[in-house]
Protein chains: 2
Amino acid sequence: MTRGEQMQADILSVLMAQDGVMSAYDIMDALKGSYPKIAPPTVYRALSALTKAGQVHRLESRNGYMACQHDHAEETAVLSICDDCGAVEETASNKILDDLAYVAKKSGFVPSRHVIEMIGTCGDCASAERDASS
Amino acid sequence: MTRGEQMQADILSVLMAQDGVMSAYDIMDALKGSYPKIAPPTVYRALSALTKAGQVHRLESRNGYMACQHDHAEETAVLSICDDCGAVEETASNKILDDLAYVAKKSGFVPSRHVIEMIGTCGDCASAERDASS
DNA sequence: TTGCGAAACGTTATGCTATAACATACAGAC
DNA sequence: GTCTGTATGTTATAGCATAACGTTTCGCAA
Ligand SMILES: [Zn+2]
Ligand SMILES: [Zn+2]
Ligand SMILES: [Zn+2]
Ligand SMILES: [Zn+2]
């Protein structure tokens, strides 16, 4: 395992130990134990590699990162982000990909990457709210 | 027209005079003529109101803003962002909204906002590239 | 017309996110 | 052991966004 792979594996395990979103600086703090001198560029470089490899997703609406939950082959996932608890659920949807491909084709757009995020309240928090207000 | 509406109208016209994405600081610079003492909070407050009203869209993958091209009733749009020229095309797609609603329903997620962005090369830039390489 | 109060703007300061540019250290090939 | 490419460390800075509080504006009511 090269140095690069080691750093990426460490970051991935930090992310997997967390249910929700982490910022790059959160990750950096979590790595301060094993890498006392770690600095932002190192984290961003590793995140960039992990993201390109599909093992980590960047949440554009949050400037945050999460471990992929799926080993999915397609690059694209639907990310449902809970505003209350921060949990993220990842869903694959070929239907949406097809629809987007159709939209792109109509105007000659050639997509290289998709961002599909839903922001709202997860099922758990939604039912907790219902219970509280009943 | 109240002060707030004036500021929002000015920001909107700055955005509409631009084909592509602008950062909040770009907008602020463009307003320095009419508002010499303008500062970030003012711009962000107005952008927040405009975004809520659906007249401006925030491009999450770019930390940027654009004027809505559609007067669309639905809150949600598909934004196709060209990496080469910065142009953004806005498309409405009820099909995608339905698909997302289905995804959400399956897990009890209650969405309040959607982010749907395609990053890639627009039709114009794509054909320009083809011409150049032929 | 004057005074009040809400809303919006200005000011100051700061925090978070991300990258540029260059130096150093590491690991594997030879 | 040296060479060499790659990754990390270091320093600095750019870019995005908001907190907290003071000041201005302006409609409205007395
Ligand atoms: Zn995934
Ligand atoms: Zn939740
Ligand atoms: Zn729109
Ligand atoms: Zn283009």
Side-chain angles (χ1 to χ4, degrees), chain A residues 1-15 18 20-53 55-66 81 83 86 88 113 115 117 119, chain B residues 1-15 18 20-53 55-66 81 83 86 88 113 115 117 119:
Chain A
M1 186 178 262
T2 68
R3 274 193 308 165
E5 287 163 352
Q6 184 62 55
M7 178 64 76
Q8 290 172 33
D10 289 346
I11 286 185
L12 196 55
S13 78
V14 164
L15 281 172
Q18 187 84 8
V21 185
M22 295 184 82
S23 76
Y25 281 76
D26 290 340
I27 296 168
M28 191 174 69
D29 290 344
L31 290 173
K32 280 272 167 66
S34 358
Y35 300 88
K37 310 199 155 174
I38 196 168
T42 300
V43 178
Y44 281 103
R45 284 187 283 241
L47 283 172
S48 165
L50 287 164
T51 301
K52 225 177 304 183
Q55 299 178 274
V56 163
H57 297 297
R58 172 175 164 77
L59 288 93
E60 300 289 351
S61 65
R62 287 281 195 112
N63 296 327
Y65 303 84
M66 62 173 284
I81 306 162
D83 266 337
V88 182
R113 187 165 80 85
V115 175
E117 297 178 9
I119 292 91
Chain B
M1 186 179 262
T2 68
R3 274 193 306 166
E5 287 162 352
Q6 185 61 56
M7 178 65 75
Q8 290 172 34
D10 288 347
I11 287 186
L12 196 55
S13 78
V14 164
L15 281 172
Q18 187 83 8
V21 184
M22 294 185 84
S23 77
Y25 280 73
D26 290 340
I27 296 167
M28 191 174 68
D29 290 344
L31 291 173
K32 280 271 166 66
S34 359
Y35 300 89
K37 309 198 157 174
I38 196 168
T42 300
V43 178
Y44 281 104
R45 284 187 284 240
L47 282 173
S48 167
L50 287 164
T51 301
K52 226 179 300 181
Q55 299 179 271
V56 163
H57 297 297
R58 174 176 161 76
L59 287 93
E60 299 289 351
S61 65
R62 287 279 194 113
N63 297 327
Y65 302 85
M66 61 173 284
I81 306 161
D83 266 337
V88 182
R113 187 164 80 86
V115 175
E117 298 178 8
I119 292 91

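Keep in mind that the numbers below use all heavy atoms, side chains included, and drop hydrogens, waters and symmetry copies. In what follows, chains are A, B, ... by sequence order, proteins preceding strands, each numbered from 1.
Of the candidates dT18(D), dT19(C), dG9(D), dT19(C) carries the atom nearest the P40(A) side chain, counting heavy atoms from C-beta on. Candidate nucleotides dT12(C), dC9(C), dA18(C) were compared by shortest atom distance to the side chain of R3(B), and dC9(C) ranks first. Listed candidates were dT10(D), dA18(C), dT18(D). Nearest to the side chain of A39(A) is dT10(D). Checked against dC16(D), dA21(C), dT8(D), the side chain of Y25(B) finds its nearest nucleotide in dC16(D).
The CD atom of Q8(A) sits 7 Å away from the P atom of dT8(D) (whole-angstrom rounding). Taking atom CG on L47(B) and atom C1' on dA17(D), their separation rounds to 11 Å, with Å as the unit. Rounded to an integer number of Å, the gap from CG of L50(A) to P of dA7(D) is 12 Å. Distance CD (E60(A)) to P (dA18(C)): 9 Å, rounded to an integer number of Å. The CG-C1' distance, from D26(A) to dG15(C), rounds to 13 Å in whole Å. As a whole-Å value, the separation of M7(B) CE from dC26(D) C1' is 16 Å. Rounded to whole Å, the distance from CG on L59(B) to P on dC16(D) is 13 Å. The interatomic distance linking M28(B) (CE) with dC9(C) (P) rounds to 14 Å, in whole Å.
Residue-to-nucleotide proximity on DNA chain D shows that, of P41(B) and N63(B), the 5′-proximal contact is made by N63(B). For the pair S23(A) and R45(B), nearest-nucleotide mapping onto DNA chain C gives the more 5' position to R45(B).
Residue contacts shown for R58(A) are limited to sugar-phosphate atoms, with no base heavy atom under 4.0 Å away.
The closest side-chain heavy-atom distance from Y25(A) to P40(A) is below 4.5 Å. R62(B) is listed as a side-chain neighbour of I81(B), based on a closest heavy-atom distance under 4.5 Å.
A donor-acceptor pair is defined here as one N or O able to donate and one able to accept, closer than 3.5 Å; no such pair exists between the side chain of D10(A) and the backbone of M7(A).
Between Y44(B) and the phosphate of dA8(C), there is no side-chain N or O to OP1/OP2 separation shorter than 4.0 Å. Considering only side-chain N and O atoms, Y35(B) lies nowhere under 4.0 angstrom from the phosphate OP1 or OP2 of dT24(D).
Looking only at atom types and distance, the side chain of S61(A) has a donor-acceptor partner in the side chain of E117(A) under 3.5 Å away.
The distance from the CG atom of L47(B) to the CD atom of Q55(B) is 11.5 Å, given to the nearest 0.5 Å.
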